[in-house]
Every structure is written in structure tokens, then in C-alpha cells.
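Okay, so here's the structure we're looking at.
Throughout, protein chains are lettered first and strands after them, A, B, ... in sequence-line order, and every chain is numbered starting at 1. This one's a predicted model, so the numbers in the text were calculated from it and none came from an experiment. What you see below is based on every heavy atom in this structure, not just the backbone, and it leaves out hydrogens, waters and symmetry mates.
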Number of protein chains: 2
Amino acid sequence: MSYAYQQIAEEIEAQIMRGDLLPGDQLPGEAELASKFGVTRSTLREGLRQLESGGFVHRPSPRRLEVTVPQADQLSTRAARAMSLMNVTFRELWEVTMVTEPLAARLASVQGTEDEISQLQQTHSALVSAEGQMERTIDLDEQFHTQIADMGRNRVLGLAREPVVLLLFRGFSQIAPFAPKFYKRQIEAHSNVLGALRDRDADRAEKWTRMHIDDFWRGAQIAGLEDAFALAQRSVTP
Amino acid sequence: MSYAYQQIAEEIEAQIMRGDLLPGDQLPGEAELASKFGVTRSTLREGLRQLESGGFVHRPSPRRLEVTVPQADQLSTRAARAMSLMNVTFRELWEVTMVTEPLAARLASVQGTEDEISQLQQTHSALVSAEGQMERTIDLDEQFHTQIADMGRNRVLGLAREPVVLLLFRGFSQIAPFAPKFYKRQIEAHSNVLGALRDRDADRAEKWTRMHIDDFWRGAQIAGLEDAFALAQRSVTP
DNA sequence: TAGCGCGTTAGTGTCCGACACTAGCGCAGA
DNA sequence: TCTGCGCTAGTGTCGGACACTAACGCGCTA
């Protein structure tokens with residue numbers, strides 16, 4: 001509140017929240033902004049960095065600074081890292097996932113398009129043929145669930161569940177060695193969820209999802225992970 | 001990735017995630033850091049601003065820069081503003097709240113201490129005596145639910161629900177004028193939830209919470225808010 | 001006339017040096 | 001030993017500078 005760079009960031013953020021600046025709007029050059037706020041470019045730039053990392057502005061090209069809506073994946077990554085630093089346990093993650101994913105499935109069964117369902121089928125097929133490959137299985141599992149969440153047309157659910165699921169499913173890498181048959185059970189569960197979605201059967205989709213997540217939990221118990229800390233390791237994205 | 005200030009922020013953040021830097025650790029002075037990274041103070045400071053706004057470092061005193069875990073309320077505020085900018089609807093918020101709050105109540109009935117229950121009672125009493133005062137009712141309502149969520153000892157749930165509930169309950173200000181009797185119904189519902197928690201009755205606590213949120217939704221329907229956008233207005237915190 | 005290539009220019013990322021202000025340390029005095 | 005004061009180091013801000021390049025406009029050519 002007291003420092004100039006902070007005031008600048010807050011002021012511009014407030015203008016965005018108020019609607020004075022709309023996503024897509026281009027901001028003036030740094031020199032102009034600096035003189036408008038009565039500070040040096042160095043100071044102004046510190047404020048801009050803060051806004052940038054908050055996701056309120058970004059540079060589509062080096063010469064263009066424009067207002068944006070914070071991106072979902074940026075928020076998810078931040079949240080996941082924060083949770084990891086807070087040493088949240090798999091139990092905490094699981095308890096939440098037990099309510100978000102069944103909801104996602106229910107919504108998807110109502111809102112999902114045929115197109116999305118066949119895309120989901122493709123992801124599922126890829127998962128089937130990845131049996132035994134841990135890293136790939138984790139990625140595809142996460143993708144399967146995220147696709148379902150997207151089908152539900154609920155961005156709030158998307159934001160709330162993404163970091164949680166991200167951290168939880170990473171735990172599969174610690175479960176798989178203890179229970180190799182989990183690959184098969186996972187495939188079977190996904191297959192049942194997919195079928196329910198195809199039939200537009202909300203209750204069945206929800207029920208199978210719940211059982212699926214519950215099964216995951218049994219795996220975590222076998223691996224002794226219940227109260228272990230979940231780690232956010234950045235997966236290599238080449 | 002390419003700019004120096006960004007590399008610095010990423011490098012330090014990585015050290016924190018990796019555990020090379022632990023929360024509470026003090027960082028060297030800016031001059032020393034700058035020379036360590038081979039950049040000027042100005043450039044280094046831009047990186048620090050980015051870390052600061054990400055919640056990874058903070059200044060307890062102007063002379064001390066230390067590593068921190070991102071604070072929950074900071075993340076919630078960011079998420080709430082992002083959701084608001086994404087023009088999320090009350091329907092989306094409600095659908096998620098319908099699963100988070102009942103879960104919170106269930107966990108609270110198991111994990112909550114007697115002390116916390118009596119604190120909750122106090123919040124409830126304050127709500128009763130605030131009947132008719134909209135702003136105060138909204139604040140106390142949010143506090144009541146947040147206290148329950150905290151009782152559940154699940155930080156993931158806390159992070160996931162906070163921004164959602166924050167935005168949703170603000171909508172009460174648009175419902176109240178249409179349905180003045182909602183004050184009474186809210187008080188009654190809270191009272192029932194409180195009773196269930198006192199009896200450690202998880203099912204009843206969950207059920208009443210669900211009904212309570214559902215009731216809220218009926219109010220939103222009466223006010224025609226179902227697909228209206230939820231706004232994140234910063235409440236004045238003096 | 002329309003399309004293309006090239007030079008110019010404005011704007012960004014980074015650097016350098018400087019100064020006021022103050023938190024926190026050490027030292028001197030009681 | 002405790003208290004008060006000056007000093008120092010470190011932060012926030014300033015002003016100016018320079019290399020590099022994206023974007024614009026201009027003229028040239030077909």
C-alpha cells in the first residue's frame with residue numbers, strides 16, 4: 001500500500017476489476033505510463049511485473065502490453081505449488097476429489113456433446129494401450145478426468161478441482177509399484193464412466209466415478225500414503 | 001523463460017519448491033543477490049516483485065526478505081478476482097458449493113473441537129442479532145461457513161471452496177430485497193447445522209447444509225440470478 | 001495499382017550510478 | 001548492566017544510457 005510500485009499495481013488492477021480496462025485493451029508504453037503515475041520507468045516496471053505474475057496483463061508480443069483474464073492453468077499451477085508447500089496430505093486431496101469428480105461426471109453427462117464424448121473415447125483408448133507405462137498413464141488419467149470436467153461447462157469446478165487432481169493423481173506413481181493390477185482396474189472404471197456418459201446416465205456416471213476415486217484411495221492405503229505429503233513436481237513439457 | 005528477471009524468479013522459486021530454500025529462511029541483500037545472478041539491482045528487483053506477488057517471499061520488516069508459503073487468503077482473493085473476470089455465473093458457483101459445503105460440514109462434525117463449536121455458536125448468535133442488516137449478514141454468513149470448513153482440518157477444501165463461497169454469498173445482497181424472509185430461513189438452517197455438529201451427527205450436518213445451500217439457490221432463482229455474473233467487489237477492510 | 005523489400009524508429013530489456021531515508025547495530029555514558 | 005545516541009548498511013526511488021528488435025511507412029517493382 002505504501003510503496004509506489006505497489007500502488008501502481010493495485011491501481012491498474014482496480015481499473016481492470018472495475019471494468020475501466022477490458023481484457024484485450026492495449027496499455028500505453030512504459031514511458032507514458034511512468035509519467036502518468038509520476039514515477040520512473042524502473043519503478044513502474046516493478047509494478048508491471050507484479051501485475052504480469054498476477055495474470056492481469058501479458059505481452060503477446062514484446063511490443064504490446066495488453067490486459068488479460070488470468071489463465072486457468074496459471075492459477076492451477078500456483079495453487080498446486082502452494083498446496084505442496086503447505087504439506088497437504090493425500091487424505092486431504094482425496095476427500096475433496098471424492099466430491100469434485102463425481103460432480104464433474106454428473107454435469108458432463110448432461111452437458112457433454114457427442115463430439116466431446118468421442119474425444120474422450122480416444123483418450124481412453126490411448127490409456128488402454130499405455131497399460132504398464134506409469135508416466136503416460138498418469139498424464140492420460142489426468143487428461144481423461146479434465147476432459148470430463150470441461151464437458152460439464154463449469155469453469156468454477158474446473159478451477160477448483162484442477163490443482164487438487166493434479167497433485168492427487170501424481171501419487172499414482174507411488175501406488176503402481178505396490179499394486180500392478182491397478183492399471184486394469186483403472187481402465188475398467190474409466191470404461192464404465194465412459195459408457196454411462198454415452199448413455200447420458202447421470203447417476204451411473206456419478207456412481208462409477210465415485211467408485212473409481214474410492215478405489216484409488218484403497219491403493220493409496222496399500223502404499224501407506226494416506227497421511228503422506230503430496231509433491232508438486234513440474235513435469236517436463238518439451 | 002528468456003528474460004533475465006524471469007529466470008531469476010523461476011530459479012529462486014525452483015529452489016523453494018526443491019526445498020533448497022525453506023520457509024523462514026532469510027535471503028541475502030539485493031546487492032549480493034544481484035551479483036550472484038550477474039545482473040543489476042533493477043533487474044533483480046523485477047524478479048523479486050514477481051516472487052513477492054506469487055507469495056513465495058515477503059518482507060516481515062523492510063530490511064528482511066524471507067521465504068514464505070503462499071498464504072491461503074492471498075490465493076483465494078486472486079482466484080475470486082479471476083473468476084469474476086471470467087464472468088462466471090451464480091449457477092456455476094452454486095453447483096460447486098453444493099458439494100463443498102456439505103463435505104465441510106461432514107468433516108467438521110468429526111474433526112471439530114468443542115471449543116470451535118462454541119465459537120461457531122457465537123458467530124451464529126451474532127448473525128441472529130444482525131437480522132435485516134445485509135452487509136453484516138453476508139460477512140457473518142461467510143464466517144460461519146468458513147469456520148465450519150476450518151473445523152474439518154482439510155486445507156485443500158479450504159483453498160478450493162473459499163473463492164467460490166466468497167463470490168456466491170455476495171449474491172445475497174441481490175437476493176435479500178426480493179425475499180426478506182430469507183434472513184429467517186438462513187438463521188434456522190444455520191441453527192440446525194450447528195445442532196447437528198454439536199451432536200456429532202455427520203449425516204444430519206451434511207443434509208442440513210445441503211438444504212441450506214439449496215435454499216439459497218431458490219432465492220437466486222426468485223431474484224433471477226441463475227445465469228447472472230458474479231462480481232468480486234473488494235470489501236472494505238479498515 | 002498492388003505487392004514486396006528495406007530502412008527508420010519507437011519501445012523494451014538491461015545496465016550504471018546516485019541519493020534519501022530508516023531499521024538495526026554498536027558504542028558510549030549513566 | 002541498562003539506556004540513549006550516532007552510524008552503517010540496505011531499500012525504495014530516481015535519472016540517464018545503450019543495444020536490440022518489432023512494427024511502421026516508404027519507395028521500388030511488376
Exercise for the section: Rounded to the nearest angstrom, tell me the gap between atom CG in B/L27 and atom C1' in D/dA9. Expected result: 17 Å

Exercise for the section: Indicate yes or no: does B/E11 engage B/K36 in a salt bridge with an N to O separation below 4.0 Å. Expected result: no

Handout entry: Donor-acceptor pair under 3.5 Å, B/R41 side chain vs D/dG12 base
Key = yes

Fill in the blank from the handout: Between CD of A/E32 and C1' of C/dT12 the distance, given in whole Å, is 15 Å

Handout entry: C/dA23 base / B/R64 side chain donor-acceptor hit below 3.5 Å
Key = no

Exercise for the section: Send over the distance from B/L44 CG to D/dT13 C1', rounded to a whole Å. Expected result: 16 Å

Problem - Nearest-Å distance for atom pair CD1/C1', residues A/I8 and D/dC14 - result: 13 Å

Practice task
Output yes when A/R170 and A/D139 qualify as a salt bridge under the 4.0 Å nitrogen-oxygen rule, no when they do not.
Solution key: yes

Problem - Proximity to the side chain of A/R45 - top-ranked nucleotide from D/dT13, C/dC15, C/dG13 - result: C/dG13

Handout entry: Gap between atoms CZ and C1', on B/F37 and C/dC15 respectively (whole Å)
Key = 18 Å

Fill in the blank from the handout: In whole angstroms, the gap separating P of D/dG10 from CG of B/L48 amounts to 15 Å

Exercise for the section: Report the nucleotide, chosen from D/dG12, C/dC15, C/dT12, that has the shortest atom-to-atom distance to any side-chain atom of A/E30. Expected result: C/dT12

Handout entry: Pair B/R49 + B/E52: basic N to acidic O under 4.0 Å
Key = yes

Exercise for the section: Return the 5'-most residue of the pair A/S61, B/R49 with respect to DNA chain D, ranking by each residue's nearest nucleotide. Expected result: B/R49

Handout entry: B/R63 side chain, from C-beta outward: closest of D/dG10, D/dG12, D/dC14
Key = D/dG10

Fill in the blank from the handout: Of the listed C/dG13, D/dG15, D/dT11, the closest approach to the B/R59 side chain comes from D/dT11

Practice task
Kindly say if B/T43 contacts the phosphate of C/dG13, meaning a side-chain N or O under 4.0 Å from OP1 or OP2.
Solution key: no

Problem - N/O donor-acceptor pair under 3.5 Å between A/S35 side chain and A/G38 backbone - result: no

Handout entry: A/R59 vs A/R64, side-chain contact (heavy atoms from CB on, under 4.5 Å): CA-CA, chis, key distance, verdict
Key = CA-CA 6 Å; A/R59 290 198 188 278; A/R64 200 178 153 81; over 6 Å; no

Practice task
Send over the distance from A/L65 CG to D/dA23 P, rounded to a whole Å.
Solution key: 14 Å

Fill in the blank from the handout: Out of D/dT13, C/dT14, C/dA23, minimum distance to the side chain of B/P62 belongs to C/dA23

Fill in the blank from the handout: Rounded to whole Å, OH of A/Y3 lies from C1' of D/dT11 at a distance of 8 Å

